[in-house]
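Structure, as structure tokens:
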Amino acid sequence: MEDVPTDGRPKYYVLEMFPYPSGKIHMGHVRNYTLGDVVARYKRARGFSVMHPMGWDAFGLPAENAARERGVHPAKWTWDNIANMRAELKRMGLSIDWAREFATCDPSYYGHQQALFTDMLRAGLVERREAYVNWDPVDNTVLANEQVIDGRGWRSGALVEKKKLATWVFRITDEAPELLSALGEMDRWPERVRLMQANWIGRSEGARVRFKLTEGDEEIEVYTTRPDTLFGMSFLAVAAEHPIAAAVAARDPDAAAFVADCQSKGTSEAVLETLEKKGFDTGLQVVNPFTGLSHPVWIANFVLMEYGTGAIFGCPGHDQRDLDFARKYDLAVTAVVLPPGEDAQSFTIANKACDGTGEMINSGFLDGLAPDAARAAAIARLEEIGVGRGVVNWRLRDWGVSRQRYWGCPIPVIHCDDCGVVPVPKSDLPLRLPEDVTFDRPGNPLDHHPTWKHANCPSCGKPALRETDTFDTFVDSSWYFARFCSPLADEPVTRAAVDHWLPVDQYIGGIEHAILHLLYSRYFTRAMRRTGHLSAKEPFAGLFTQGMVNHESYKGQDGRWLYPEEIVRHADGSVTHIDTGETVIVGRIEAMSKSKRNTIDPGAIIQRYGADTARWFILSDNPPERDMEWTESGVLGAYRFTQRLFRLAETAPVGAPGAVPDDFAPAARALRRATHRTIAGVTEALENFGFNVAVARIYEFANALTDAERAGDVAGMAWARAEAFAALARLISPMMPHLAEEIAARLTPGGTLIAQSDWPVADPALLAAESVTIAVQVLGKLRGTIEVAPGAKEEDVLAAAAEEPNVARALDGKRVVKRVYVPNRIVNFVVAG
RNA sequence: GCGAGAGUGGCGGAACGGUAGACGCAGUCGACUCAAAAUCGACCGACUUUGUCAUGUGGGUUCGAAUCCCUCCUCUCGCACCA
């Protein structure tokens with residue numbers, strides 16, 4: 001393996017999202033890696049120098065869970081899983097550069113990650129900051145969000161507390177403007193992924209406004225996107241976590257109870273959706289800087305501390321949530337935007353806020369302006385009187401990467417009493433995880449280890465303590481695509497290799513990673529550019545997101561889930577249990593999951609039918625971006641087709657086809673046209689990710705080959721068939737590589753491997769049909785068809801069309817006012833009378 | 001609630017604005033077989049069948065609409081009650 005090929009072929013980097021080594025591959029992997037392998041094999045055949053690597057996203061919590069539950073060391077568990085899954089992937093017949101393989105849990109990978117981190121630290125991209133974490137007080141451990149269920153720890157059941165910890169954060173918000181604007185040029189990404197990222201980054205323009213409390217010198221700052229509606233203000237509301245709320249709660253037990261109630265509700269979407277808007281009147285008042293009027297300050301459960309300033313001003317006339325809140329607590333509602341067509345005197349707000357366009361009213365110096373202009377004018381005035389300013393607000397928050405876990409990449413810093421935070425010198429990297437750890441008590445084993453965390457300060461040499469946090473595993477997967485370019489290098493990446501291979505030309509994976517993984521990778525690429533490691537602007541030039549693999553689910557009479565292997569489907573459509581004979585309830589078609597027992601083991605499918613069948617079925621079922629249904633009948637159909645192709649190929653002429661004959665009988669010509677139409681059709685389909693269409697073109701071709709076989713040994717047929725089978729082997733090879741090689745080996749024993757031969761090129765002369773069928777319409781309705789030579793003269797076609805008996809009947813007694821003629825396609829007579 | 005996408009036979013789905021339903025699955029009939037499986041062949045949207053109606057609904061643009069535009073309905077996905 002050389003990092004940068006020197007043969008001059010254009011590069012093409014195909015990458016599928018690397019798997020977490022859970023132990024076995026699942027159908028989602030099969031689909032993902034089949035799609036990538038088709039692209040890799042096709043691009044190779046088209047003359048590209050293709051890189052198609054594979055690795056393992058090998059750090060993570062499940063390994064620690066296995067250690068706690070079964071006493072097996074995370075490393076052993078992980079490496080055993082990798083060995084097993086590698087063998088399974090190899091049985092799929094994937095054309096992967098296994099020489100580039102690595103696992104993120106290997107010090108030869110994560111040591112370079114530590115080096116990247118120290119570079120980022122020095123460049124000011126990283127900082128240490130206090131952050132809230134989910135704390136389980138019984139297990140004495142930090143919980144991931146998914147380990148918190150209904151506000152309780154998943155294992156202990158204890159109520160989870162919010163606890164402040166010092167954590168490491170990557171300052172991804174510094175890149176927010178760039179991460180957003182670059183989306184506009186990423187035209188080979190699905191529109192909806194770009195949209196999801198744009199929403200996640202969440203740019204908004206508005207103003208920060210400071211409101212003075214009527215008593216004391218304190219101020220509350222709010223963020224608003226509608227400074228134009230300040231004259232319509234009726235209240236100010238703060239989040240339950242806001243300092244003002246805390247201050248009020250400290251002296252008022254009722255307020256404290258309300259704040260506690262808000263915080264116990266959790267922030268899950270389902271809860272928030274149904275949550276009734278509630279508030280608590282603090283009794284405090286603030287002054288509106290434009291009107292001088294006083295308004296009450298409320299604590300409200302719909303205000304988010306994490307967004308903006310954690311405080312809003314409420315304008316019920318023009319915001320539905322504010323209106324709902326105002327109606328509930330009987331607060332003032334003033335309209336300040338008059339919708340078009342309404343009368344200023346009679347216009348009132350009922351129960352629907354008016355958030356459209358119009359003209360400002362009841363708004364002093366803003367009266368008569370459109371809201372957009374009023375916004376600018378309001379901001380100008382706020383700045384002029386020194387109580388606010390126009391700002392751009394971002395929803396994106398910085399990326400906290402500290403995890404209090406063992407099975408992750410150690411964060412390479414040392415805490416020294418005298419020198420503060422000191423990075424571990426690069427000469428001491430990789431900073432390895434200790435292997436002799438125990439999982440017999442809760443918490444982070446790194447922290448419990450008797451010696452590991454004790455080190456001398458690299459700066460002053462005095463005894464100091466290592467950081468015992470490890471990185472979020474999203475860090476591991478944020479640069480692995482770059483490491484693949486030079487996986488053995490003794491630096492994170494080699495400049496020549498990454499600058500040659502990046503960006504990834506085609507990245508393929510699940511939509512579930514549309515936001516975090518892809519955004520973090522985009523950020524890391526920028527961070528690596530700023531620290532001089534590469535020059536690519538974006539990591540993934542092309543992105544394809546595949547759908548899920550679903551399957552029917554089954555239940556017994558008692559409601560227990562049944563495995564597909566446990567059921568029998570009868571000719572009359574009924575379904576029963578294979579052993580007990582009881583009637584089985586056929587449930588929904590849904591995502592394969594262990595709990596519903598509707599999983600299909602790829603290993604068993606490959607063993608029974610072969611990898612080609614599994615690949616073929618998964619490609620044939622439907623367009624790859626949609627969810628597919630795995631069906632037993634569909635697999636059987638795919639299997640039968642592989643057998644049929646093999647039988648067909650057994651009849652193929654053996655040996656080189658020889659010189660092109662002078663004469664082809666009609667059946668031989670028809671076969672040659674089918675061959676070249678198939679070449680063109682499959683090529684176009686593969687270029688466009690239309691794998692199901694490519695499969696259909698191959699089916700049609702097989703039918704044409706069957707027809708040709710029946711025609712017998714007419715003039716030129718032997719040659720046409722040799723040409724056809726050679727094309728067949730090549731065209732199916734990206735999808736069914738094993739069968740393709742078998743067929744090719746039969747055609748020319750001892751010849752070159754299909755995988756090393758070029759993609760066929762369609763002969764344009766053979767793409768044109770010998771005659772074309774022209775549809776003849778009268779007034780847009782089909783009345784008949786005629787056969788003409790391609791490129792026949794318009795007047796001849798029109799004459800023939802008019803004479804077609806059915807058309808002639810439709811035209812009888814009518815006056816033709818217009819004749820539409822689309823060459824080789826259609827004639828339309830427009831008639832009157 | 002907001003945003004995006006999608007609605008085509010029993011099913012999965014084809015279809016540069018130009019013969020809707022390619023191809024497959026399921027199904028029906030036939031051949032082969034003692035029989036079954038496999039294989040091969042034919043059929044396979046609906047109906048009141050010289051034809052009519054059909055691509056979620058109702059409009060529009062066009063000689064012509066599954067395709068373009070608007071209305072509404074349903075489903076899926078994503079999300080952030082984001083001020």
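Side chains included, hydrogens not; waters and symmetry mates left out as well; all remaining heavy atoms used.
In this structure, A/Trp630 and A/Phe617 have perpendicular ring planes: the angle between them is above 60°, well past the 30° mark.
Within a heavy-atom distance below 4.0 Å of RNA chain B, the residues of residues 818-830 of chain A found are A/Lys818, A/Val820, A/Val822, A/Arg825, A/Ile826, A/Asn828, A/Val830.
Of the candidates B/G51, B/A14, B/A83, B/G51 carries the atom nearest the A/Arg809 side chain, counting heavy atoms from C-beta on. If you check B/C81, B/A14, B/A83 against the side chain of A/Thr225, the one that comes closest is B/A83. With B/A14, B/U52, B/C81 as the candidates, the nucleotide lying closest to the side chain of A/Arg783 is B/U52. Side-chain proximity of A/Ser204 to the nucleotides B/U19, B/A83, B/U52 is greatest for B/A83. Candidate nucleotides B/A22, B/G12, B/G3 were compared by shortest atom distance to the side chain of A/Asp621, and B/G12 ranks first. Nearest to the side chain of A/Leu782, among B/A20, B/C23, B/U52, sits B/A20.
The pairing partner recorded for B/U33 is none, the criterion being a Watson-Crick or G-U wobble arrangement whose two distances lie under 3.5 angstrom.
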For the pair A/Phe235 and A/Phe325, evaluate ring pair (Phe, Tyr, Trp, His ring centres under 6.0 Å) and give the outcome as yes or no after the intermediate values.
-> CA-CA 10 Å; A/Phe235 62 94; A/Phe325 190 77; 5.1 Å; yes

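Counting any heavy atom pair closer than 4.0 Å across all strands shown, A/Asp322 reaches no nucleic acid atom. Here A/Val303 lies in heavy-atom contact (under 4.0 Å) with a base. Here A/Tyr699 lies in heavy-atom contact (under 4.0 Å) with sugar-phosphate atoms only. Note on A/Ser620: nothing from the nucleic acid sits closer than 4.0 angstrom, heavy atoms only. Note on A/Thr631: nothing from the nucleic acid sits closer than 4.0 angstrom, heavy atoms only.
Of the charged side-chain nitrogens involved, at least one lies within less than 4.0 Å of a carboxylate oxygen, so that A/Arg375 and A/Asp372 count as a salt-bridged pair. Between A/Glu700 and A/Arg697, at least one side-chain nitrogen of the basic residue sits less than 4.0 Å from a carboxylate oxygen of the acidic one, meeting the salt-bridge criterion.
With rounding to whole Å, A/Arg194 atom CZ is found 12 Å from B/G5 atom P. The distance between atom CZ of A/Phe641 and atom P of B/C23, rounded to the nearest whole Å, is 12 Å. In this structure, A/Phe617 atom CZ and B/G12 atom C1' are separated by 9 Å, rounded to whole Å. Here the C1' atom of nucleotide B/G24 and the CE atom of A/Met736 are 13 Å apart, to the nearest Å. Atom pair A/Met628:CE and B/G12:P shows a separation of 13 Å (rounding to whole Å applied).
Mapping A/Ile774 and A/Ser633 onto RNA chain B via the closest heavy atom, the residue that lands nearer the 5' end is A/Ile774. Residue A/Ala696 is the one, among A/Ala696 and A/Asn806, whose nearest nucleotide of RNA chain B lies closer to the 5' end (criterion: closest heavy atom).
Under the 90° criterion around 0 for the glycosidic angle, B/G9 counts as syn.
Contact check, A/Asn622 against B/G13: a side-chain N or O comes under 4.0 Å of OP1 or OP2. Dashed line: the shortest gap from a side-chain N or O of A/Arg640 to OP1 or OP2 of B/A37 is not under 4.0 Å.
Shown here for A/Thr678 and A/Ile698, the closest heavy-atom pair between the two residues is CG2-CD1, 4.5 Å. Closest approach of A/Ser620 and A/Asn692 over heavy atoms only: O-CB, 3.7 Å.
Between A/Arg721 and A/Thr651, the side chains place a donor N or O and an acceptor N or O closer than 3.5 Å (distance only, hydrogens not considered). Checking A/Glu787 against A/Thr773 by side-chain atom types alone, a donor-acceptor pair falls below 3.5 Å.
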What protein N or O atoms touch nucleotides 76-78 of chain B N or O atoms at under 3.5 angstrom, if any, and at what distances?
unit_1 : atom_1 : unit_2   : atom_2 : d
B/C77  : O2'    : A/Arg192 : NH1    : 3.3

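Under the 6.0 Å cut-off for aromatic ring centres, A/Tyr520 and A/Trp399 qualify, their centroids lying closer than that.
Nucleotides B/G24 and B/G45 place their P atoms 14 Å apart, quoted to the nearest Å.
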